[in-house]
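These notes are about the structure you will find just below.
Residue numbers begin at 1 in each chain, while the letters A, B, ... track the order of the sequences.
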Protein chains: 2
Amino acid sequence: MADESLFFSPQSKWIQAKDEAPQIVISSRVRLARNLAETPFPNRLLHEQAETVLYKIKNAFSDLYGYRFFKLKDLPKEKQQLLAAKHLISPLLIEQAAIAGFAVNEDESTSAMINEEDHLRLQALLPGLQLTRASKLAFALDDALESKLNFAFDENLGYLSACPTNLGTGLRASVMLHLPALVLSKQAQDVFDSLPRLGLTVRGLYGEGTEARGNLFQVSNQTTLGSSEKDLIKHLEDITNRISLQEQQTRSFLLEKHPGYLEDNIWRSFAILRHARRIGEEEMAERLSLLRLGVDLGMIKKLSGKAVSKLMLAGSTPFIQAQSTQKLSPDGVDTERANLLRKNLSYLKDGDSDE
Amino acid sequence: MADESLFFSPQSKWIQAKDEAPQIVISSRVRLARNLAETPFPNRLLHEQAETVLYKIKNAFSDLYGYRFFKLKDLPKEKQQLLAAKHLISPLLIEQAAIAGFAVNEDESTSAMINEEDHLRLQALLPGLQLTRASKLAFALDDALESKLNFAFDENLGYLSACPTNLGTGLRASVMLHLPALVLSKQAQDVFDSLPRLGLTVRGLYGEGTEARGNLFQVSNQTTLGSSEKDLIKHLEDITNRISLQEQQTRSFLLEKHPGYLEDNIWRSFAILRHARRIGEEEMAERLSLLRLGVDLGMIKKLSGKAVSKLMLAGSTPFIQAQSTQKLSPDGVDTERANLLRKNLSYLKDGDSDE
């Protein structure tokens with residue numbers, strides 16, 4: 001493959017947000033679970049059957065314009081991890097690399113995992129709150145593939161899937177929310193506790209079973225059965241707007257009632273990112289979160305939310321490791337991460353951004 | 001008093017260190033305890049007797065060139081605290097302000113507390129390791145006063161004092177040591193534990209009963225009986241050199257065996273001092289300690305140990321409060337402290353000091 005930017009460029013469609021403040025909804029994602037008819041789900045597939053699934057789906061993609069297709073096992077582990085860091089594939093797909101595949105379009109807005117939990121997981125991932133647009137992209141890809149593949153479908157249950165929570169529409173919509181003020185004011189847990197009653201669930205930065213990091217939370221619909229796709233998306237959009245408003249109100253509250261508190265936290269984060277000689281990935285995420293808040297509040301100028309997202313990706317361990325010709329020690333990664341942050345933030349001369 | 005710099009200037013003789021690196025011995029102090037013959041010690045003085053003591057000593061000082069004399073009760077509390085921040089008087093003297101006095105020469109190298117624990121505590125305080133010079137200054141003042149005052153003296157016990165540990169020579173010599181590497185490497189406690197066996201004791205930044213702060217420790221002789229003044233001073237000087245060497249060796253060890261560790265810690269401290277919007281006195285002291293270490297190691301240029309000492313004094317709560325026309329809240333003090341640090345470190349453009 002000539003174009004290695006898919007792997008090595010710390011860029012992706014979902015990062016290309018407009019320069020609007022505040023950026024509370026970082027990205028919107030719609031995933032569709034699809035399975036081939038009369039074929040066992042991936043966790044029960046014999047190796048040969050898995051190859052057949054890969055072959056059929058690869059063929060279907062080969063007719064689509066602009067898509068690249070990979071067998072995971074043909075990609076070095078390092079490249080697999082770069083794709084995961086970009087939110088294009090899941091950790092589970094990497095675990096199942098022996099039977100797994102991956103397809104992606106040019107701007108990385110739509111992609112597919114093959115033989116993850118289902119035979120096919122289609123994904124559309126866009127910056128900001130664009131669930132409707134994302135669902136349109138996902139369904140367009142779904143339609144294009146459905147004309148070439150025979151999906152398992154039941155008149156009563158809808159699309160069949162390996163996990164019952166994906167039955168029906170097979171649609172999982174999610175938003176990545178940046179909620180530093182709700183976290184700082186210790187309201188985030190209350191908000192999250194209210195979500196299951198609303199049919200929603202909250203997850204960490206890299207999906208199920210992962211930790212929240214940098215005050216980023218993924219909120220998605222819990223079940224996909226019994227509602228129309230449109231209703232699911234409308235519902236998540238409504239709740240997203242409500243949480244987003246609460247985050248904004250809390251920012252205003254903190255600014256008004258505790259003057260200096262946010263400011264001090266934001267500038268300290270800037271300071272560490274700008275000067276540290278070693279920094280772990282988690283600390284970077286926490287400090288970039290506050291930097292993003294500073295951008296949102298107009299305190300930090302000459303920096304955009306997009307640039308913050310890009311730094312977070314460029315500073316992730318897979319990207320740092322990929323920049324080096326030799327295998328780095330954990331200390332080495334932390335040092336290179338600090339170097340990258342210093343270099344990228346050095347244009348923010350203290351005199352320009354300060355005061 | 002026309003010249004208010006005694007109170008309001010964050011300067012004192014002991015801060016005027018030479019620009020030599022490393023500065024591990026920040027200052028040297030010699031204190032002499034003296035009491036007037038046939039007069040109860042201060043803790044048993046009637047108010048009228050205390051006034052007589054003050055009167056006699058004030059008279060003695062009035063014949064000495066360049067000394068100013070104050071009754072503590074004539075100074076507003078705020079000014080008393082400025083003197084304490086400068087290490088010229090003790091917290092105990094402030095507690096006993098009703099009967100206490102204070103005398104000081106022009107460059108603040110020699111001073112005296114009247115009616116603290118003893119009728120008279122003479123102090124010489126100099127930058128760096130200058131115990132012999134400090135003792136000469138203290139004894140010169142002692143001689144000058146002894147020609148006018150009748151000190152309590154016993155042929156066997158020597159100078160009498162309120163506290164038995166000050167009996168004999170009445171001399172307490174101390175050094176203020178900056179030991180960040182011994183603290184970071186967790187060796188400091190072992191060093192301090194060995195001191196009592198050597199007849200020495202360690203105290204916090206503002207003497208007995210105060211906490212160490214900013215990796216600064218005051219080491220002094222424990223008793224003053226049974227040794228000559230010269231031996232006491234030689235002994236403290238030897239041990240000081242030994243601790244100082246251990247600190248330097250530990251710095252080298254850390255630089256060699258844990259490359260990047262000190263550097264990261266130092267630059268993070270610089271970053272916070274340079275950008276915080278609020279900072280407590282204790283955090284300031286910790287971070288200035290690492291900044292001083294950065295100066296010692298040549299990492300932070302265009303800054304001297306002297307400048308760090310001055311910042312620590314200027315950023316102390318009494319000095320911050322004194323800069324304001326109104327009474328500041330604790331948050332207000334922390335904000336003004338951060339403003340002062342930012343202002344004073346802003347000339348260290350990141351581009352100049354960084355890399």
Side-chain angles (χ1 to χ4, degrees), chain A residues 184 254-280 283-284 286-287 290-291 293-294 297 299-303 328-355, chain B residues 184 254-280 283-284 286-287 290-291 293-294 297 299-303 328-355:
Chain A
L184 285 170
L254 288 174
L255 283 174
E256 194 183 323
K257 298 289 176 186
H258 303 281
Y261 172 77
L262 284 186
E263 202 188 19
D264 183 47
N265 274 283
I266 288 166
W267 282 107
R268 282 170 175 255
S269 285
F270 169 79
I272 296 295
L273 292 166
R274 178 75 187 71
H275 292 286
R277 259 54 181 176
R278 274 186 198 186
I279 191 164
E283 184 187 355
M284 173 191 71
E286 296 305 321
R287 301 216 181 268
L290 282 258
L291 197 65
L293 180 59
L297 297 176
M299 285 179 199
I300 308 234
K301 298 180 176 49
K302 303 191 186 178
L303 190 69
L328 295 170
S329 68
D331 267 0
V333 171
D334 288 354
T335 302
E336 287 306 318
R337 179 178 294 120
N339 290 345
L340 173 118
L341 290 166
R342 273 209 323 290
K343 206 173 104 187
N344 278 278
L345 292 173
S346 69
Y347 77 96
L348 292 175
K349 289 268 178 268
D350 289 334
D352 296 343
S353 50
D354 237 335
E355 270 95 8
Chain B
L184 285 171
L254 289 174
L255 283 174
E256 195 182 325
K257 298 289 175 186
H258 304 279
Y261 172 76
L262 284 186
E263 203 188 18
D264 184 47
N265 274 282
I266 287 166
W267 283 107
R268 283 169 175 255
S269 286
F270 169 78
I272 296 295
L273 292 166
R274 178 74 187 72
H275 292 285
R277 260 53 181 176
R278 274 185 200 190
I279 191 163
E283 185 187 354
M284 173 192 71
E286 297 305 321
R287 302 215 180 267
L290 283 258
L291 196 66
L293 180 58
L297 298 176
M299 285 178 199
I300 308 233
K301 298 181 177 48
K302 304 192 185 176
L303 190 69
L328 295 169
S329 68
D331 267 0
V333 170
D334 288 354
T335 302
E336 288 306 317
R337 178 179 294 118
N339 290 346
L340 173 119
L341 291 166
R342 272 206 327 288
K343 207 174 102 185
N344 278 278
L345 293 172
S346 70
Y347 77 96
L348 293 175
K349 289 268 177 266
D350 290 336
D352 295 344
S353 50
D354 237 337
E355 271 96 8

Where the side chain of B:R268 meets the backbone of A:R278, is there a donor-acceptor pair that is under 3.5 Å apart?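 Between the backbone of A:R278 and the side chain of B:R268 there is a qualifying donor-acceptor contact (under 3.5 Å).
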Going by the side chain to side chain contact (heavy atoms under 4.5 Å, CB included) test, name the single residue among A:R342, A:R274, A:R277 that passes it with B:W267.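 Of the listed residues A:R342, A:R274, A:R277, the side chain to side chain contact (heavy atoms under 4.5 Å, CB included) partner of B:W267 is A:R277.
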Under 4.5 Å heavy-atom distance to chain B, tell me which part of A:I279 shows up: side chain, backbone, both or neither. both
